[in-house]
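Below is one structure, written out as structure tokens; comments come after it.
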Number of protein chains: 2
Amino acid sequence: MTDTVGFLLGKLGQQVNVRFAGRLAPLGLRPRHCAVLELLSGGPLAQLELAKAIGVTASVVVDMLDELEQLDAIRRVRDAADRRRQLIELTPTGRELRHQTLSLARQNDEELLAAISPAEAAALRHTLGRIAAATGLIAK
Amino acid sequence: MTDTVGFLLGKLGQQVNVRFAGRLAPLGLRPRHCAVLELLSGGPLAQLELAKAIGVTASVVVDMLDELEQLDAIRRVRDAADRRRQLIELTPTGRELRHQTLSLARQNDEELLAAISPAEAAALRHTLGRIAAATGLIAK
DNA sequence: GGCATATGATTCGGTCGCCGAATGATATGG
DNA sequence: CCATATCATTCGGCGACCGAATCATATGCC
């Protein structure tokens, strides 16, 4: 059991999130917000698009955006072409926050991968990416 | 961000757990119970020992054990040497359940690793184990 | 031996993140 | 112009977890 990849992934993933959350806390962010900032860095998206991409329901997105709006990291803009939709766009503050989270994520990686060789780390990254893509477990 | 190992681990781990939970549901179990069954297969343990090993508080262990007791998978036995402690031991039913969960975990792995070569899978298992050990993220 | 203090299990209340159903506004097709 | 669909939002609830309080038992100290 403890030697299955599934178990290790599950437990490690959980712990990694906790650790990352600790790093993020000073910014007033939690891990889930990072994916949002990341996605928005490619350009504005509607809330339902965000929900799909992240893999949560629309109501969860509302909450996350409320929080990000509080931090002045995003803006909701009514889509002129379809006034039901809110287009979410990054503010300059949001862009700045995204850079910081990126840096924290890399810091996190360094700590996580300190015990293994760079080659092994690269292989790991590659393998995880393959699995994620193959199993469709991470929305692309 | 989405290319950091930490992010991939976190997201994948989460999803893997959800998937595993689905397989487990017919047995009336959830992922967290598996660790308990696994730990107990090595012999009886007190509840606080379980809590430490799993990384949750004592009150959570109480709940989990209540559920496992309901399924007749475990028994609570007062420690004669220290009557405050409950020694938790697997029943025959518990042992059987453990075998089933193990088989499900392996099935889960097969599906997860279908996209990569056996060699790559072995490397992955090895690397994850190293990281878990080095970072102390998984209680041993 | 008797008492203060520590420790194990348990209960209880609260928090957090998530979901699903209901709602209101807007769009779209007949 | 109305029926129906879709987007964002609100609301109630659930499951997993924590921390404080409680009760029984153990242990150290006088």
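Residue numbers begin at 1 in each chain, while the letters A, B, ... track the order of the sequences.
Shown here for A/Leu71 and A/Thr93, the closest heavy-atom pair between the two residues is O-CG2, 3.8 Å. In terms of heavy atoms, A/Leu113 sits closest to A/Ala121 at CD1-CB, 3.9 Å. Closest heavy-atom contact between A/Leu48 and A/Ala58: CD2-CB, 4.4 Å.
Distance from the side chain of A/Ala58 is smallest to D/dT9 among D/dA24, D/dT9, C/dT10. Side chain of A/Val60, nearest nucleotide from D/dT25, C/dC18, C/dG20: C/dC18. Taking only side-chain atoms of B/Gln86, from C-beta outward, the nucleotide of C/dT10, D/dA8, D/dT10 with the closest atom is C/dT10. Of all nucleotides listed (C/dG17, D/dA8, D/dT10), D/dA8 comes nearest to the side chain of A/Ala46. Listed nucleotides: D/dT10, C/dT10, C/dA27. Nearest to the side chain of A/Asp82: C/dA27. Closest approach to the A/Arg84 side chain among C/dT11, D/dA5, C/dA9 is made by D/dA5 (side chain taken as heavy atoms from C-beta onward). Taking every side-chain heavy atom of A/Thr57 into account, C/dG20 is the closest of C/dT7, C/dG20, C/dT11.
For the atom pair CG (B/Asn17) and CD (A/Gln14), the distance works out to 6.5 Å, reported to the nearest 0.5 Å.
Contact between the side-chain N/O atoms of A/Gln47 and the OP1/OP2 oxygens of D/dT9 is found at a separation under 4.0 Å. For the OP1/OP2 pair of C/dC18 and a distance below 4.0 Å, the side-chain nitrogens and oxygens of A/Arg32 include at least one atom meeting the criterion.
Contacts of B/Val62 with the nucleic acid, taken as non-hydrogen atoms under 4.0 Å apart, include base atoms. Among the protein residues, A/Val61 comes within range of no part of the nucleic acid, since none of its heavy atoms lies under 4.0 Å from any strand.
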